[in-house]
Amino acid sequence: MRKRICSGFVLICLILTMPACAAGADQPVTGSAEKMANQTAGFTDVPADAWYAGAVQYCRENGLMAGTSDTTFAPETTLTRAMLVTILWRQAEKPVVNYLMQFSDVPEGQWYSEAVRWAASEKLVAGYGDGRFGTNDPITQEQLKLIFQRYTDQSVTDGIPGFDGSARHATRAQAAAAVMNYARLSRQGTTGGKVLVAYFSATGNTRSVAEKVAEATGGDLFEIVPAQPYTAADLNYNTDCRANAEQNDPDARPAISSTVENMERYDAVLIGYPIWWGRAPKIIHTFLETYDLSGKTIATFCTSGGSPHEDATLRDYEPNAAWLEGRRFSGMSQVEDWVNGLDLTKSKEDHTVGVFDFDSRTVTLNSGYEMPLNGLGTYSLHGETCINSVKSALRSGVRLIDTASAYGNEEEVGRAIREAIEELGLKREDIFVTTKIYPGSEMADPERSIQACLDRLDIGYVDLMLLHHPDRNDVKAYQAMEKFVEEGKIRSIGLSNWYVKELEEFLPQVSITPALVQNEIHPYYQENDVIPYIQDLGIVVQGWYPLGGRGHTAELLGDEVISGVAKAHGVSSAQVILRWNLQKGVVVIPGSSNPEHIKENTELYDFTLTDEDMARINALDRNEKHDWY
């Protein structure tokens with residue numbers, strides 16, 4: 001499932017960054033939503049019996065599409081990129097987003113400006129490599145289908161007349177039909193596309209609860225039926241019965257007689273079962289091993305006479321899912337309250353890959369794991385200074401620590417983390433640790449090098465491991481990291497100091513899409529062409545040297561533009577630079593051994609830079625690298 005989603009997302013980006021082949025774009029949609037909603041007369045060029053008449057009327061009444069004039073709709077006119085993103089933006093109820101405009105052909109104040117801002121922030125539509133969005137460029141049918149699938153997670157173009165998903169231009173009538181199809185599917189609730197209620201019921205008790213859960217969620221119902229049904233003798237717990245034997249056998253995996261079709265279409269999977277000797281039946285283990293549920297929301301419910309709810313033995317099967325709190329039921333009275341409390345829609349939104357969540361201060365990587373938005377870089381920190389700095393950061397709320405084999409301080413970082421866990425009452429999973437292996441001898445013998453990093457850190461596992469630079473053995477080294485991911489010793493993998501050309505050559509040679517790329521990024525070296533390219537691949541960007549780096553920090557902090565913005569917001573220049581990165585979608589890892597500076601560098605979420613602030617800082621770009629790589 002994960003690879004299928006990632007490859008589809010990359011395809012969308014590739015298609016949308018290629019100029020459309022035909023010239024001539026339609027005129028922009030005119031008129032306001034209020035005006036459209038108040039109009040009752042039909043368009044003169046939309047016959048009442050046309051296949052698209054109902055769709056046009058729906059879009060007009062709901063303020064989603066206007067005519068090219070007060071009396072004409074131009075149904076066969078080609079749909080443009082600006083039109084499409086505006087339709088989707090209106091469908092999403094015109095959300096306001098804090099996203100810096102970076103397209104040379106999208107001035108502020110146009111009818112499509114906010115829509116382009118939103119579509120870019122949601123990574124629905126990418127711009128071109130030359131900095132343009134291509135507002136008047138035609139949308140092909142292939143692009144329309146893929147963008148709607150990305151936005152709705154459903155197929156809404158099926159059955160539209162003249163629509164074959166090819167490189168032919170999409171029309172305004174076809175766009176209206178797709179919008180109305182989506183509305184119809186939304187009115188049907190989640191049935192057939194969002195929630196799956198899977199259950200195993202040996203005696204019928206769990207079945208009735210599962211049916212109530214499916215009714216409350218509007219979800220599809222799937223019964224987990226054993227290939228060899230359980231008899232009364234199999235369930236006689238007072239004897240050496242089959243159920244007892246399976247529960248006592250760690251390797252028991254009873255076969256299931258049928259499979260879930262199109263599991264990938266479900267966002268949430270609710271799993272029900274009876275409790276057998278305090279645990280979930282082994283057939284539930286079979287179910288979880290059968291499907292890839294990474295990235296989905298999972299909640300379990302069980303039935304029993306007195307035993308409590310239990311799913312601890314199940315969660316390790318899918319650590320990349322969002323597990324919600326389960327519930328035991330002895331009747332029906334509390335089912336609906338439990339379902340409503342799950343807030344499945346919110347859970348899905350909270351785990352959107354690559355989108356910064358400024359409330360939780362995290363971003364979900366394409367590996368399914370959450371990573372903090374700000375952390376501590378440990379380059380140049382050694383000995384007791386390193387240990388004290390890491391512990392100071394953790395005391396200040398930092399939960400992301402960046403190190404590397406080349407820094408020569410992995411042992412100190414590991415010791416600081418172990419001591420902080422004991423002293424501050426933290427858990428290992430509370431702290432996100434990144435390390436890296438270096439070119440040359442380390443990448444030539446990657447298995448040994450990776451294990452050496454794990455041994456020096458001595459914290460059980462590594463959250464993220466990167467290749468420090470490109471190297472002649474980089475593919476070999478990355479493939480070794482992939483094996484460590486399979487073994488559970490590394491959770492996510494990525495790259496450092498990789499740019500567009502390097503990524504184009506590297507990515508086709510590996511199986512796991514990098515979760516993160518870490519590059520030098522600061523106001524004097526902004527990578528405004530590289531950052532969106534990486535983000536459009538579904539990869540998170542992280543910046544090292546965010547404050548300018550060795551010998552350059554004082555100049556950057558003293559820059560008149562940056563210090564002026566800092567004064568206006570009542571914050572420091574360092575905080576302005578770090579917040580500028582965050583608003584560009586770049587995770588930051590400033591380094592410091594000063595406890596006050598470390599704490600200051602975490603206080604980034606009580607102010608927001610305006611578009612004007614962002615534009616002024618963007619204008620400082622000198623394309624000036626402060627290190628050789």
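Nearest approach of N244 to N236, heavy atoms of both residues: ND2-O, 4.4 Å. Across all non-hydrogen atoms, the minimal contact from A515 to L365 is O-CD2, 3.9 Å. The heavy-atom pair separating L457 from R418 by the smallest distance is O-NH1, 3.0 Å. I531 approaches V541 most closely through the heavy-atom pair O-CG2, 4.0 Å. Here the closest non-hydrogen pair linking G375 and V398 is CA-CG1, 3.8 Å. Shortest non-hydrogen contact noted between L221 and A214 is CD1-CB, 3.7 Å.
Side-chain contact between L507 and P514 is present, with heavy atoms from C-beta onward closer than 4.5 Å. Counting heavy atoms from C-beta on, the side chains of I298 and I271 come closer than 4.5 Å. Counting heavy atoms from C-beta on, the side chains of L467 and K436 never come closer than 4.5 Å. Side-chain contact between T300 and W323: present, with at least one pair of heavy atoms (C-beta onward) separated by less than 4.5 Å. K489 places a side-chain heavy atom less than 4.5 Å from the side chain of Q451. Between H468 and E442 there is no side-chain heavy-atom pair separated by less than 4.5 Å. With contacts defined as side-chain heavy-atom distances shorter than 4.5 Å, the pair L466/Q518 qualifies. Counting only heavy atoms from C-beta outward, the side chains of F287 and E289 never approach each other to under 4.5 Å.
Salt bridge status for R328 with E310: absent, with no side-chain N to carboxylate O gap under 4.0 Å. Ion pair D357/R361 not flagged as a salt bridge, since none of the NZ, NE, NH1 or NH2 atoms sits closer than 4.0 Å to an Asp/Glu carboxylate oxygen. Contact check on R428 versus D463 returns a salt bridge, with a Lys/Arg side-chain nitrogen under 4.0 Å from an Asp/Glu carboxylate oxygen.
Partners of Y369 under the side-chain hydrogen bond (donor to acceptor under 3.5 Å, both in side chains) rule, at least two apart in sequence or in another chain, are N320. For D445, the salt bridge (Lys or Arg N to Asp or Glu O under 4.0 Å) criterion is met by R448, not counting sequence neighbours. Annotation: ring-ring contact (aromatic ring centres under 6.0 Å, His included) contacts of Y199 (sequence neighbours excluded): none. Residues satisfying the side-chain hydrogen bond (donor to acceptor under 3.5 Å, both in side chains) test with E486, not counting sequence neighbours, are none.
Judged by distance alone, the side chains of S294 and E318 never bring a donor and an acceptor atom under 3.5 Å apart. There is no side-chain donor-acceptor pair under 3.5 Å between D402 and Y379. For N409 and T403, the side-chain atoms include at least one donor-acceptor pair closer than 3.5 Å. When only modelled atom types and interatomic distance are considered, R399 and T362 share no side-chain donor-acceptor pair under 3.5 Å. In this structure, a donor-acceptor pair under 3.5 Å is absent between the side chains of N519 and W498. Between the side chains of Y605 and D359, no donor-acceptor pair of N or O atoms lies under 3.5 Å. A donor and an acceptor atom, one from each side chain of N497 and H469, are located under 3.5 Å apart. Side-chain contact annotation: E246 with Y230, donor-acceptor N/O pair under 3.5 Å present.
Atoms CZ and OG, from R456 and S405 in turn, are 4.0 Å apart once rounded to the nearest 0.5 Å. Considering OG of S449 and CG of L454, their distance stands at 11.0 Å, rounded to 0.5 Å. Atom CG in L146 sits 9.0 Å away from atom OG1 in T157 (nearest 0.5 Å).
Of the residues E419, E411, E412, the one that meets the side chain to side chain donor-acceptor pair (under 3.5 Å) test with R415 is E419. With L400 as the fixed residue, the side-chain contact (heavy atoms from CB on, under 4.5 Å) test singles out one of L464, V587, N374, L376: V587.
Formation of a donor-acceptor pair under 3.5 Å by the H309 side chain with backbone atoms of I275 is not found in this model. Between the side chain of K476 and the backbone N or O of A444, at least one donor-acceptor pair lies under 3.5 Å. No side-chain donor-acceptor contact under 3.5 Å links T378 to the backbone of L381. With Y291 contributing its side chain and V260 its backbone, the two residues share a donor-acceptor pair below 3.5 Å. Using modelled atom types, one side-chain atom of Q247 and one backbone atom of W276 make a donor-acceptor pair closer than 3.5 Å. Remark: the backbone N or O of Q334 is not paired with any side-chain donor or acceptor of D337 at under 3.5 angstrom. Although no hydrogens or angles enter the test, the distance criterion places a donor-acceptor pair under 3.5 Å between the side chain of S257 and the main chain of V225. Between the side chain of N388 and the backbone N or O of E384 there is at least one donor-acceptor pair closer than 3.5 Å.
At most 12 heavy atoms of other shown residues, nucleotides or ligands fall within 6.0 angstrom of atom CD in E325. Environment of CG in D249: crowded, with over 12 heavy atoms of neighbouring residues, nucleotides or ligands closer than 6.0 Å. Atom CD of E261 sits in a sparse spot, with 12 or fewer heavy atoms from other residues, nucleotides or ligands closer than 6.0 Å. Residue-environment remark: CD (E482) exceeds the threshold of 12 foreign heavy atoms within 6.0 Å. Within a 6.0 Å radius of CD in E422, no more than 12 heavy atoms belonging to other residues, nucleotides or ligands are found.
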Review point. Passes side-chain contact (heavy atoms from CB on, under 4.5 Å), V586 versus L582? Steps please.
Key: CA-CA 5 Å; V586 177; L582 293 179; over 6 Å; no
**Study point:** Derivation and outcome, side-chain contact (heavy atoms from CB on, under 4.5 Å), residues Y266 and F222
**Key:** CA-CA 12 Å; Y266 295 105; F222 174 81; over 6 Å; no
Exercise for review: Test side-chain contact (heavy atoms from CB on, under 4.5 Å) on V213 and V339 and set out the steps.
Suggested key: CA-CA 7 Å; V213 172; V339 169; 4.2 Å; yes
Point to revise | Evaluation steps, side-chain contact (heavy atoms from CB on, under 4.5 Å), between L424 and R395 | key: CA-CA 7 Å; L424 303 178; R395 278 194 296 271; 3.7 Å; yes
Practice item. Tell me, with the steps shown, if T602 and S396 meet side-chain hydrogen bond (donor to acceptor under 3.5 Å, both in side chains). Key: CA-CA 8 Å; T602 69; S396 297; 6.0 Å; no
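No close placement of the F200 and Y273 rings is indicated, their centers lying 6.0 Å or farther apart.
Residues in residues 197-212 take part in these salt bridge (Lys or Arg N to Asp or Glu O under 4.0 Å) pairs, two or more places apart or across chains: R207-E223. The list of ring pair (Phe, Tyr, Trp, His ring centres under 6.0 Å) pairs with a residue in residues 239-259, not counting sequence neighbours, is empty.
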